[in-house]
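Worksheet for the structure shown next.
Numbering of residues begins at 1 and proceeds along the displayed sequence.
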Amino acid sequence: MELEIIDCRDLSAKEIIDKMIRMYPWLEDPRNRRLVYVGATGDINERLYRHNAKKVLFCAQTANQRVAAAVEEEALKRGFCIGNVKHGGNGTNSFSIYIYAYIIDRYTIE
């Protein structure tokens with residue numbers, strides 16, 4: 001899958017989520033956000049394959065793992081799905097500098 005990775009290395013977690021919402025105005029409605037999974041990883045293609053994600057909305061490179069984990073935390077606060085956890089940064093490690101978001105459908109695996 002050919003993905004466009006947006007350079008967000010100079011943005012904060014809040015600014016990254018704001019950027020994604022501006023790109024997809026339908027996400028301004030918080031009810032629509034629960035239809036979107038947001039995660040962090042070191043290998044976007046592998047992670048999207050594992051999630052069986054077909055409708056990818058957003059891929060970005062962050063400054064470091066701390067920012068990527070903070071994006072997950074911010075996404076959770078704003079009503080996006082980040083999996084079956086109650087905190088952000090759940091899947092990050094030192095290589096997790098990329099953020100991805102996809103539309104959840106009946107075929108995706110969270």
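Taking the six-membered ring for Trp and thresholds of 30 and 60 degrees, Tyr102 and Tyr100 have nearly parallel ring planes, at less than 30 degrees apart.
Under a 3.5 Å cut-off, the side chain of His51 and the backbone N or O of Thr108 do not form any donor-acceptor pair. Side-chain atoms of Gln61 never come within 3.5 Å of backbone atoms of Cys8 as a donor-acceptor pair (strictly under, hydrogens ignored). Of the possible polar contacts, one joining the Arg33 side chain to the Leu27 backbone as a donor-acceptor pair under 3.5 Å is found. Judged purely by atom type and a 3.5 angstrom limit, Tyr24 uses its side chain to pair as donor or acceptor with the backbone of Leu57. At least one donor-acceptor pair closer than 3.5 Å links the side chain of Asn52 to the backbone N or O of Tyr107.
Tyr49 and Val56 fall into different hydrophobic clusters, where Ile, Leu, Val, Met, Phe, Trp and Tyr residues are linked whenever their side-chain heavy atoms come under 4.5 Å apart, directly or through other members. If you chain together hydrophobic residues whose side chains sit under 4.5 Å apart, Tyr37 and Ile5 fall into the same group.
Closest approach of Ile99 to Ile44, counting heavy atoms only: O-CD1, 4.3 Å. The two residues Ile17 and Glu74 make their nearest non-hydrogen contact at CG1-CG, 3.9 Å. Across every non-hydrogen atom of Ala101 and Met20, the tightest pair is CB-SD, 3.5 Å.
A heavy-atom distance below 4.5 Å is found between the side chains of Asp105 and Lys55. Two residues are said to be in side-chain contact when any heavy atoms from C-beta on lie closer than 4.5 Å; Val67 and Ile16 meet this criterion.
Atom CZ of Arg47 sits about 12.5 Å away from atom SG of Cys59, to the nearest 0.5 Å. Interatomic distance, Gln65 CD to Phe95 CZ, rounded to the nearest 0.5 Å: 11.0 Å. Taking OG1 of Thr62 as the reference point, atom CG of Asp10 lies at 11.5 Å (rounded to 0.5 Å). Put simply, CZ on Arg66 and CD1 on Ile97 are 12.5 Å apart, with the number rounded to the nearest 0.5 Å. The CD1 atom of Ile104 lies 7.0 Å from the CG atom of Leu35; values are rounded to the nearest 0.5 Å. Taken to the nearest 0.5 Å, the OG atom of Ser96 stands 10.0 Å off from the CG atom of Asp43.
Between Lys19 and Glu15 there is no salt bridge, since no side-chain N of the basic residue sits under 4.0 Å from a carboxylate O of the acidic one.
If you run side chain to side chain contact (heavy atoms under 4.5 Å, CB included) between Pro25 and each of Glu28, Arg22, Met23, only Glu28 comes through.
Applying the salt bridge (charged side-chain N to carboxylate O under 4.0 Å, His left out) rule to Asp18 yields the partners Arg78; only residues at least two apart in sequence or on another chain are considered. Partners of Phe80 according to the ring-ring contact (aromatic ring centres under 6.0 Å, His included) rule, which considers only residues two or more places apart in sequence or in another chain, do not exist here.
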